[in-house]
Structures are given as C-alpha cells and as structure tokens.
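Within every chain, numbering begins at 1; the chains are lettered A, B, ... in the order of the sequence lines, protein sequences first and strands thereafter.
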2 protein chains.
Amino acid sequence: MEADESKRDRTPTLADVARQAKVSTATVSRCLNSPDQVVEKTRTKVLEAVRKLGYAPNFNARALAAKRTNTIGAIIPTMENAIFARGLQAFQEELGRNGTTLLVASSSYQSGLEEEQIRTLVSRGADALLLIGYHRDPEIYEFLRRQGVPVVIAWVFDPKAKFPTVGFDNFSAMKALANKVIRLGHRRIGVITGATQDNDRSTERLRGIRSAMTDAGIPEETLSIAETTYGIAEGGIALEHLMSQPSRPSVVMCGNDVLAVGAIAKAKELGIDIPRDLSVTGFDDLEISKISSPSLTTVHVPHRRMGKEAARMLINMVSKKEGQDKILIETSLEMRESLAEYSE
Amino acid sequence: MEADESKRDRTPTLADVARQAKVSTATVSRCLNSPDQVVEKTRTKVLEAVRKLGYAPNFNARALAAKRTNTIGAIIPTMENAIFARGLQAFQEELGRNGTTLLVASSSYQSGLEEEQIRTLVSRGADALLLIGYHRDPEIYEFLRRQGVPVVIAWVFDPKAKFPTVGFDNFSAMKALANKVIRLGHRRIGVITGATQDNDRSTERLRGIRSAMTDAGIPEETLSIAETTYGIAEGGIALEHLMSQPSRPSVVMCGNDVLAVGAIAKAKELGIDIPRDLSVTGFDDLEISKISSPSLTTVHVPHRRMGKEAARMLINMVSKKEGQDKILIETSLEMRESLAEYSE
DNA sequence: TTGTACGCGTTATCAA
DNA sequence: TTGATAACGCGTACAA
C-alpha cells in the first residue's frame with residue numbers, strides 16, 4: 001500500500017495516475033474532463049488510481065493547454081465596507097452554479113492600481129472580467145479588446161455605452177431623491193460625496209442633485225459640497241465641515257450610506273437633532289441604513305439582482321451565446337426617518 | 001509601424017518579442033526576471049520590443065515552469081460583513097509591499113466549501129495559505145502537508161497548536177468581558193452566538209462566558225443561548241427570541257458586533273431601553289460599534305496588526321527564513337454605553 | 001474506446 | 001553575456 005509513494009515525494013501528476021492505472025495519460029485526462037468518452041470499466045480503474053494517489057490537476061498546466069480557466073475576474077473599488085459585498089456575493093453564487101470560479105481584486109479606488117489588476121487577472125487567464133463603472137483609460141479597453149477578454153460593466157448604466165452593461169442610472173436615481181428633498185421644502189442643500197475624479201458613479205449622482213436644483217430654480221452656487229473618501233469616520237468629518245460653514249444646510253445628501261451613517265453619528269455628537277435640525281440621506285440601502293437611528297432615507301439598489309444578471313451575461317459571453325448586452329436595474333426611494341419636511 | 005501586427009491577431013508571446021528584438025527567448029526572459037544578468041544595450045532593445053508588442057507574460061506558463069507564483073491565498077468565512085475586511089486589508093497591504101499578490105476565497109462558513117477552496121487555491125499554485133481557525137478535517141491538513149504548502153492560522157490562538165498561528169485568545173477575551181459583566185451585577189445572561197459547529201472562535205467565546213459564570217458561582221443552566229448565522233437581521237431575531245423567554249436576561253452578550261447592533265436595533269423596536277432595561281455587548285470593535293446608539297461595549301481586536309503579522313510570517317515561511325511561528329495578539333475591553341450596572 | 005505525440009508559453013541548465 | 005534546448009503538466013488532434 002505504501003510502496004508506491006516511495007518513488008518520490010512530489011505531488012502526483014497525470015502521468016503518475018496513468019502509470020498506476022495502466023492506461024495512457026490521454027485516457028486519464030478524458031476521465032476527468034469528458035467522462036462519457038471513456039468506458040465504465042477503465043473509468044472506475046482510473047478514478048481509483050486518482051483517489052489512491054490523491055491526485056489533483058495542476059490548474060496552471062491545464063490553463064496553458066486548454067486556453068480556458070473557467071474563471072472570471074472582478075475588480076471592485078473596495079472590500080473595506082459593504083458597498084460591493086452584497087452584489088458580489090450574488091455574482092459569485094451565480095458563477096458557482098455554472099462551475100465558474102471568481103477571482104476578486106480591489107483597486108482601492110485608484111485607477112492606476114485598477115489597470116494593474118486588470119492586466120494581472122488577464123495574464124492569470126481570466127476568461128472574462130467584471131468591472132465597476134465606465135471611466136477608464138481607453139488604452140486599457142484596447143488592451144482588453146486585443147486580448148479578446150469579454151467585459152461587463154456594472155454599477156452604472158448608459159444606454160449608449162459601447163460595453164455590455166448591467167447597472168442602474170446613478171443620475172436619475174439621485175435626482176429622484178433630490179426632487180423629493182426639494183419637494184419637502186429644503187433649499188439649502190449640502191452634499192457629502194466620495195471622490196468624483198475617475199468615478200462616474202459619484203459624478204453622476206452629484207450631477208443628479210444639481211439637475212434637480214436647476215429644475216426647481218435653486219441657484220447652483222448655494223450647494224455646498226464636501227468631497228472625501230468613503231468611510232464612516234470620513235462622513236463624520238465631512239459633516240462637521242459642512243455644518244461649520246456660515247450658511248448651514250438644512251439637508252445633507254450623502255453619496256452613499258456609509259458616509260451617511262457617519263454623518264448622522266457625528267451630528268448626534270454635535271447635538272444636532274436629526275431630522276428636526278437637519279435631514280440626512282444616503283444611497284445604496286445597505287443593512288446599516290435600517291438600523292441606523294434615526295433610520296436612513298436612501299435609494300434602494302437591488303444589488304443582488306445586479307450581481308446575478310452580470311454573472312449570467314458574462315457566462316453567456318464566454319460561451320459565445322447570444323443574449324442581452326444591456327440590463328437596466330431599477331432603483332427606488334426608501335423613505336425613512338432621517339429625512340423630514342423643512343420648516344423654519 | 002503597423003506591419004508587424006499583421007502576422008497574427010493573438011496575444012504576443014516571449015517568442016514574438018525575441019523575434020522582434022532579434023535575440024533568443026532566454027534573453028527576453030532574463031530581461032524580465034533578472035535584468036542585471038543582461039547587458040544594457042540588449043536590455044533596452046528587448047524592452048522596446050516588449051513595449052511595442054504590448055507583451056504581457058503568461059502567468060500560467062510562468063507558474064508551470066518556475067513552480068512559484070508569488071501568490072498567497074486566503075480563505076475567509078465571509079465577505080458579506082466587515083468582520084474580516086479590516087484584517088484582510090492589512091494582510092494584503094503587507095503582501096503587496098513584498099511583491100506578493102493575494103487570492104481571496106470565501107467559504108460561507110461551510111467546512112465542505114472551505115476544503116474545496118483550499119484544493120482550488122493549491123492547484124492554482126498558491127505558494128502559501130492563510131486560514132481562519134484550527135478546526136478542520138485532519139485529511140485536509142495532511143493534503144496540505146503533502147503538497148508542501150505552508151499555512152498560517154489566524155483569528156485564534158492556542159500555544160500548543162501544531163500550526164503557525166497569528167491570533168488572539170477567544171476564550172480569555174470573552175471571559176474578561178463576561179467577568180466585567182458579572183462584576184456589574186448581572187446574573188441572568190443571554191448569549192447570541194454564531195454557529196458553534198465547526199467554528200472554534202465562537203465555541204471558545206461561549207466557553208469563556210461559561211467559565212466566568214462558573215467562577216462567579218452562577219449556575220450554568222441560567223444561561224440562555226440563541227445560535228444563529230452572522231448578520232444584522234439575524235441578531236435582531238435572536239434577541240426577540242431571548243426576550244420572549246420566561247426569565248428575561250438582564251444582559252445579552254453577542255458573539256460579534258454585527259449580531260450586537262442587530263440586537264440593539266431590535267430592542268429599540270421592541271421598546272426596550274438600552275442600557276436601562278437591558279445591556280448588550282459585542283466582539284471585534286468594528287466601526288459600527290462606535291456609531292451605534294447607544295454605542296457598543298465590545299472587545300477590541302487589533303485586526304490590522306493581526307493581518308500584517310500573518311502576512312510577514314507567511315512571507316518568511318515561503319522564503320524559508322526562520323522566524324516566530326506563534327504570535328499572540330492582545331485584545332482589550334472597550335467600554336461604551338450599551339453595558340451598564342445591573343440594578344433591580 | 002484508447003494510445004501516441006505534439007503544443008501551450010515559460011524558466012532553467014548547460015554550452016558557447 | 002547570450003543561445004539552444006530540455007523540462008513543467010496537461011489537452012487534444014490524429015491514428016490505431
């Protein structure tokens with residue numbers, strides 16, 4: 001029983017299994033990849049040898065020979081907070097159902113890093129890529145095209161975009177919320193946004209607010225903006241900044257829920273009552289927005305559905321099946337306690 | 001300029017670069033891997049060809065030939081909440097400083113899935129692995145040993161463990177908190193814990209509470225336990241369950257902060273005032289525990305330091321350098337508003 | 001149904 | 001310092 005192991009102390013290869021089962025390596029390979037091409041009897045013999053030797057195929061060799069990895073890569077801006085977690089989870093689940101594994105990388109919101117990650121994932125043989133947002137150096141898109149790697153863009157939606165997309169309309173979603181805010185009587189609006197450079201989601205959301213103000217005849221100059229990196233603490237600092245300005249806003253609209261709960265916490269600390277003294281809104285409808293106190297008015301984004309659809313689209317593209325290449329995910333307003341009517 | 005591309009429309013290889021630069025593939029390879037072994041003049045010539053062709057090395061082929069990937073894998077139980085995010089971020093940063101890339105997989109707290117992920121990462125050529133907790137089928141440890149893949153275990157600490165470890169003592173940390181709780185006069189203790197099966201962290205934490213009770217002469221039977229999966233909503237449901245029992249606890253100790261903030265939110269909903277009617281404690285000291293209202297008393301875990309030390313240890317092991325193989329990370333009590341003295 | 005033999009894109013050894 | 005050339009482990013025509 002132990003005798004065979006004495007040969008060497010390295011990890012077994014296809015050839016080892018073939019020797020053990022007294023067949024050719026080709027047969028072993030077929031047993032593993034297309035079992036129905038090999039007759040029952042040899043198959044069991046081979047599988048027995050596989051089990052006995054504890055053989056596991058070498059992924060790299062396989063990828064090299066087959067030019068396919070059954071792997072899809074995703075690059076998200078951050079793993080530090082929950083913004084992308086839910087959508088990515090659903091994305092992964094759907095891939096799993098298809099026997100595809102997910103490789104995740106995070107770019108820390110830095111486009112330079114993102115390009116590096118893209119090249120890394122491609123050189124690792126990812127069959128396709130999920131990317132967040134359109135904004136990207138044209139050169140990298142050209143690189144992907146030349147490499148023949150299918151890409152789906154998520155978390156944004158532009159019907160005219162050249163790339164397959166599964167996402168929502170950041171502009172309209174935020175504009176709808178801003179319209180609501182204005183209808184409630186607010187005129188002095190403050191904004192806490194994530195960095196807008198290289199980030200079309202935050203840029204579009206901000207544009208949505210501006211557009212709603214213009215429509216309502218509120219001069220754009222009255223908008224006070226604090227730009228910061230995403231984070232709870234950062235949201236708090238930004239709020240403090242906004243509230244220390246001469247003309248205090250009556251509402252602070254945040255680029256996402258993480259910033260918003262940070263703002264709410266800081267407001268409490270400063271003795272500002274929400275929503276009596278100040279209204280606050282978020283974006284995303286993460287779980288924390290429900291348990292925040294007061295609970296957070298926000299834009300609900302069906303992240304799980306977005307992740308699932310994106311996975312399906314990519315799977316289709318890899319197997320060159322036809323299908324939609326643009327899916328719009330509808331968002332909705334989630335009215336909770338943190339936004340109230342403005343009354344002087 | 002364009003002429004060379006007409007040859008083929010596939011991604012350029014070493015050989016293409018070699019042809020273009022009129023050198024051998026070996027030289028090109030050396031230019032990329034050990035540039036000082038090749039003379040300045042040829043090097044610039046080669047790099048020029050690389051740039052012109054947009055050459056990117058094929059990772060799989062490289063791994064196959066070099067038997068090394070400069071990649072370390074990590075398998076964490078979940079990406080859905082922040083429990084592991086902070087530590088993993090620091091882990092990745094430290095790896096990056098060493099030119100090592102991180103491959104993450106999540107097991108959804110299922111040991112079967114985790115084994116699969118381990119095999120996947122190994123077959124992908126991960127040079128080493130970071131795993132959470134000791135509890136694991138001996139067979140998988142044997143597999144790892146035979147494959148010669150170094151492993152570091154984190155988030156736990158047992159001085160007698162056979163494996164290199166960077167972590168904290170879940171038992172003692174939770175016991176310290178329980179001692180504090182008891183010293184404040186609490187006798188009827190409720191617990192909301194994550195699943196204890198296959199999870200040594202939650203098991204140890206629970207054992208810590210039991211031990212503190214025993215030390216204080218509180219009968220173990222008075223402990224009421226709700227076991228659930230980690231999640232904000234789940235924490236709420238568990239709290240409701242505990243509070244609907246005949247003998248209501250005066251304090252609910254939660255297995256982590258996520259469960260705790262869920263419990264707090266639900267308590268509010270039920271009109272239970274915290275900490276007047278009920279005290280609540282957490283574990284981890286995530287960012288939400290500070291902004292929770294009332295703020296959450298919890299155990300502070302220096303996640304970032306743990307991640308960083310784990311990375312260093314693994315890097316050392318891969319390069320076969322000597323070094324510590326057991327690092328204890330100290331935790332501390334973080335007293336905040338949600339835990340108060342018990343007074344009938 | 002099974003086996004032979006070549007190719008995948010690198011790295012590494014050994015000569016030159 | 002550079003160039004041939006043999007691995008690396010697997011998939012897959014093609015032949016048997």
**Prompt:** Would you call the rings of A:Trp155 and A:Phe84 parallel, tilted or perpendicular if under 30° counts as parallel and over 60° as perpendicular?
**Reply:** tilted

**Prompt:** Bend across the helix from C:dT1-D:dA16 to C:dA16-D:dT1, to 10°, with axes taken over 5 pairs at each end?
**Reply:** 30°

**Message:** Could you walk me through whether A:Arg30 and A:Thr42 satisfy the side-chain hydrogen bond (donor to acceptor under 3.5 Å, both in side chains) test, starting with their C-alpha distance in whole Å, then the side-chain angles of each, then the deciding distance to 0.1 Å, before giving a yes or no?
**Reply:** CA-CA 11 Å; A:Arg30 277 187 289 254; A:Thr42 26; over 6 Å; no

**Message:** For nucleotides 7-16 of chain D, give me one character per nucleotide, 5' to 3': B if any protein heavy atom sits under 4.0 Å from the base, S if the only such contacts are to the sugar-phosphate, - if neither.
**Reply:** -BBBSB----

**Protein-nucleotide distance (A:Lys22, atom NZ; C:dG3, atom P), rounded to Å** = 12 Å

**Message:** So does B:Ala161 get a backbone contact from the side chain of B:Lys326, meaning a donor-acceptor N/O pair under 3.5 Å?
**Reply:** yes

**Asked** Are any of the side-chain heavy atoms of B:Thr25 and B:Val17 separated by less than 4.5 Å?
**Response** no

**salt bridge (charged side-chain N to carboxylate O under 4.0 Å, His left out), paired with B:Glu93, selected from B:Arg304, B:Arg312, B:Lys308** = B:Arg304

**Request:** Give a yes or no on whether the backbone of B:Thr100 and the side-chain of B:Asn98 come within a donor-acceptor separation of less than 3.5 Å.
**Result:** no

**Asked** Quick one: are A:Gln324 and A:Glu309 in side-chain contact, heavy atoms under 4.5 Å?
**Response** no

**Request:** Indicate whether any N or O donor in one side chain lies under 3.5 Å from an N or O acceptor in the other, for B:Arg62 and A:Ser123.
**Result:** no

**Request:** Could you check whether A:Val23 gets within reach of a base, just the sugar-phosphate, or nothing at all, counting any heavy atom under 4.0 Å?
**Result:** sugar-phosphate

